[in-house]
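Read through the structure below, which is laid out as structure tokens, and then see the notes.
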Amino acid sequence: MPELPEVEVVRRGLDAHVTGKAITAVRVHHPRAVRRHEAGPADLTARLLGMRITGTGRRGKYLWLTLDDGSALVVHLGMSGQMLLGPIPKEDHLRIAALLDDGTALSFVDQRTFGGWLLADMVTVDGTDVPVPVAHVARDPLDPRFDRDAVVKVLRGKHSEIKRQLLDQTVVSGIGNIYADEALWRAKVNGARLAESLTKPKLAEILDHAADVMRDALGQGGTSFDSLYVNVNGESGYFDRSLDAYGREGEPCRRCGAIMRREKFMNRSSFYCPRCQPRPRVRRA
DNA sequence: GGTTTCGCCTGCGGGC
DNA sequence: TGCCCGCAGGCGAAAC
């Protein structure tokens, strides 16, 4: 389940190895992996052929390779996507394979097929160039131009649960279920609290914790909770050993010792400490 | 128009 | 043993 740190690890790996290389062959093994490229698989492969990669970019959980015609190959890893360098893997879930002019292969492997590739033009949004499909995505907390106080202001106006807002990529990007739970645990805030009910300093604290926890995870090569996430060499990160909330149902809170709870939320799970992060009182009609 | 829910996918593990 | 079900969850369309 790649979130910002995992995607950034992949981007860095790609940046070091594919920048300056030309694409000499592309094969789409599963059409679903390019479903968001509206012109279809044949168009994608034809346009990529002979293109040179000029650099890499990322915003939130989206990453892209910039190409020498000014367009971008946009990659979303979804839940289980992997960008692998090296020989083409013998793998049931190989979705796309590309060959580069130095002989290495760039493979997209994706078990659950939520991810994919697409080609798009670049557009300038708020002074930053991003691919068109990424234009609606807010800056992430590790973006040098991330405006924390502006996000706090947006959150103050949201009549919606704070965790829901942390997961909304148009409010702040890069945060998924794992890092949302970690940031809320660090800030001692229950995710069911309404965003508008929290003070500006508390909202700022939550965003700062989100940035910190993602920076920590990045420093450890990312989280690999279910081992589906790997870097470009197929290796997992180590941050899952450092998680304080996610996946710790029934275990003692590392801060106060109370037994951690798990609750259903948005068709997934939320992990929290019932003592440090008390649930808000039930609203009555 | 803001907010919430649902469907898309596959593999795994638990229960029967 | 084998089947069914629930779960994992990012994203965008659809519903509310």
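Note on naming: letters A, B, ... go to the chains in the order of the sequence lines (proteins, then strands), and numbering restarts at 1 for each one.
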Could you tell me if A/R254 sits above the aromatic ring of A/W185, with its cationic atom closer than 6.0 Å to the ring centre and no more than 45 degrees from the axis? no
Separation of [X] atom [atom1] from [N] atom [atom2], in whole Å?
X      : N      : atom1 : atom2 : result
A/H30  : B/dC8  : NE2   : P     : 14 Å
A/H159 : C/dC16 : NE2   : P     : 19 Å
A/N177 : C/dG10 : CG    : C1'   : 10 Å
A/L167 : B/dT4  : CG    : C1'   : 13 Å
A/Q111 : B/dC9  : CD    : C1'   : 9 Å
A/K163 : B/dT3  : NZ    : C1'   : 17 Å
A/D168 : B/dT3  : CG    : P     : 9 Å
A/E249 : C/dC7  : CD    : P     : 11 Å

Could you check which of [options] has an atom nearest any side-chain atom of [X]?
X      : options               : value
A/K264 : B/dT4, B/dG11, C/dA8  : C/dA8
A/H76  : C/dC7, B/dC9, C/dC11  : C/dC11
A/R32  : B/dC9, B/dT10, C/dG10 : B/dC9

Assign A/Y62 to base, sugar-phosphate, or nothing according to its heavy-atom contacts below 4.0 angstrom with the strands shown. sugar-phosphate
| said: Testing the 3.5 Å rule here: is there a donor-acceptor pair between the side chains of A/T170 and A/D168? | reply: yes
Any side-chain donor near an acceptor of the partner, A/D121 and A/S71, under 3.5 Å: no
TODO: Evaluate the ring planes of A/H136 and A/Y62, with Trp represented by its six-membered ring, and classify them as parallel (under 30°), tilted (30 to 60°) or perpendicular (over 60°).
DONE: perpendicular
Would you say [X] places a side-chain N or O within less than 4.0 Å of OP1 or OP2 belonging to [N]?
X      : N      : value
A/R164 : B/dT3  : no
A/S269 : C/dA8  : yes
A/T113 : B/dC8  : no
A/H136 : C/dG12 : yes
A/K158 : B/dG2  : no
A/R35  : B/dC8  : no
A/H93  : B/dG11 : yes

The answer to which of A/R268 and A/G157 contacts DNA chain B further toward the 5' end, by nearest nucleotide, is A/G157
Fill in: Salt bridge A/D244-A/R248, side-chain N to carboxylate O under 4.0 Å
no
